[in-house]
Amino acid sequence: MLFLALESATSHQSVAVFRDEQLLGSLDCESGQPLTPQLIPTIDRLLSSVSLHLSNLEGLVVSIGPGTFTGLRVGLATMTAFRMALQIPLVGVSTLEGLAWNHPVTDLPLLSTIGIRQGVVYWALFRWENQQMVCVKESQIGDIIDVCGALSEPTIVLGDGWMQNRTTLLSKGFSLLEAPSEVQWPSAKGTGMAGRVLLERGVLLPQGCTPQYIQPSYAEISKTKSVNPIK
């Protein structure tokens, strides 16, 4: 199956195209620039680089958070439009699981983290078993020091939740192993590998799915303040 994967949950956004388990190509979006105007041109360049067109695609994979409001909204809206136009399946992948798939097979557990604010993260724990990623602890919010302090064995850590709190965590003497820098951010490669499994199983994203945001939009915050003004 030829499928397109999109990871847009953090400031590091990328697209990738696969033929079954084979990664045909990937491109990073320009970090720090608005995603909306560059996403379609980036997808077009990616497909052209491997001599493909949108009409060749047979499936779609998109990250559904936790992540930023704007990134997830743009990503999901774009892939939903492709789904409707091309009439092909779309699956959604947890950003934390896609991040874990970045890491090569290892006997050690993998702690995926997405930062919310200083010291607080979304996290989930995964483990490779028989070449497949198994979720040991589901996605949840926690204090990163408490989470790492409760680990019962040496664990590989990934994600910006770890990177934002790296100095503090290292000073605690926890049994943590830092993942290589090239796999520390969510990527379309990891999201695509996780999504391939869902495409094969036919676990499609429900219509009207709401991504898991790490914080509400500025519009929602302003609306809340107008309804409940701070005195």
Side-chain angles (χ1 to χ4, degrees), residues 1-18 26 29 34-40 42-43 46 54 57-102 112-116 121-126 132-135 137-142 159-161 185-221 223-224:
M1 172 183 281
L2 272 170
F3 65 93
L4 177 71
L6 168 60
E7 173 53 63
S8 60
T10 70
S11 60
H12 287 59
Q13 298 143 344
S14 56
V15 293
V17 62
F18 290 79
S26 65
C29 296
L35 178 61
T36 302
Q38 62 171 320
L39 181 55
I40 297 299
T42 303
I43 292 172
L46 171 64
L54 270 179
L57 296 175
E58 301 169 290
L60 302 162
V61 180
V62 66
S63 61
I64 54 171
T68 64
F69 180 87
T70 301
L72 290 172
R73 289 275 291 219
V74 171
L76 183 57
T78 301
M79 296 300 251
T80 299
F82 287 166
R83 174 195 218 175
M84 296 176 66
L86 301 172
Q87 293 293 298
I88 56 177
L90 169 65
V91 301
V93 171
S94 159
T95 308
L96 292 166
E97 181 174 351
L99 178 59
W101 275 85
N102 275 353
S112 283
T113 66
I114 299 292
I116 300 174
V121 299
Y122 270 102
W123 67 276
L125 194 65
F126 299 90
Q132 295 297 317
M133 190 64 67
V134 175
C135 183
K137 292 284 188 182
E138 297 285 347
S139 172
Q140 53 197 287
I141 296 173
D160 65 349
W185 287 96
S187 72
K189 178 183 175 183
T191 299
M193 290 191 293
R196 179 186 60 81
V197 177
L198 299 178
L199 283 170
E200 290 178 351
R201 294 175 181 170
V203 184
L204 305 185
L205 193 66
Q207 297 281 356
C209 170
T210 300
Q212 188 175 22
Y213 304 120
I214 57 175
Q215 61 183 22
S217 68
Y218 289 118
E220 288 176 310
I221 293 172
K223 181 179 179 181
T224 301

Closest heavy-atom pair and its distance - T10, T68: CA-CG2, 4.5 Å
Heavy-atom closest pair, residues Y122 and S139: CD2-OG, 3.7 Å
Within the 4.5 Å heavy-atom criterion, are S14 and S187 side-chain neighbours or not? yes
Apply side-chain contact (heavy atoms from CB on, under 4.5 Å) to T80 and L90, showing your working. CA-CA 8 Å; T80 299; L90 169 65; 4.1 Å; yes
Could you check whether the rings of H12 and W185 sit parallel, tilted or perpendicular, using 30° and 60° as the cut-offs? parallel
Is it the case that over 12 heavy atoms from other parts of the model lie below 6.0 angstrom from the CE atom of M84? no
Does a side-chain heavy-atom distance below 4.5 Å link L199 with P89? yes
Closest heavy-atom pair and its distance - W101, G190: CB-O, 3.5 Å
With heavy-atom distances below 4.5 Å as the criterion, would you say the side chains of S8 and L35 are in contact? yes
Would you please say whether a donor-acceptor pair under 3.5 Å links the side chains of E7 and S63? yes
Just verifying a value: how many Å separate L46 CG and I43 CD1, rounded to the nearest 0.5 Å? 8.0 Å
Return the OG1 to CG distance between T113 and L99, rounded to the nearest 0.5 Å. 7.0 Å
Residue pair L54 / L86: nearest heavy atoms and the distance that separates them: O-CD1, 3.6 Å
What's the spacing between T95 OG1 and Q212 CD if we round to 0.5 Å? 8.0 Å
In this structure, CG of L72 is separated from OG1 of T210 (nearest 0.5 Å) by 11.0 Å
Around atom CZ of R83, are there more than 12 heavy atoms from other residues, nucleotides or ligands closer than 6.0 Å? yes
Could you pull out the closest heavy-atom pair between G192 and A5, with the gap in Å? CA-CB, 3.6 Å
With a 4.5 Å heavy-atom cut-off, do V61 and F18 have their side chains touching? no
If every non-hydrogen atom of A9 is compared with every non-hydrogen atom of P66, which pair is closest and at what distance? CB-O, 3.8 Å
So do the side chains of D160 and I114 get within less than 4.5 Å of each other, counting heavy atoms only? yes
Backbone of F3 reached by a side-chain donor or acceptor of E58 within 3.5 Å: no
Here the gap from L57 atom CG to F82 atom CZ, rounded to the nearest 0.5 Å, amounts to 8.0 Å
Distance from I116 atom CD1 to Y213 atom OH, nearest 0.5 Å? 15.5 Å
I want to check something: taking the side chain as every heavy atom from C-beta on, are L205 and L198 in contact at a cut-off of under 4.5 Å? no
Do the non-hydrogen side-chain atoms of V197 and V203 ever get within less than 4.5 Å of each other? no
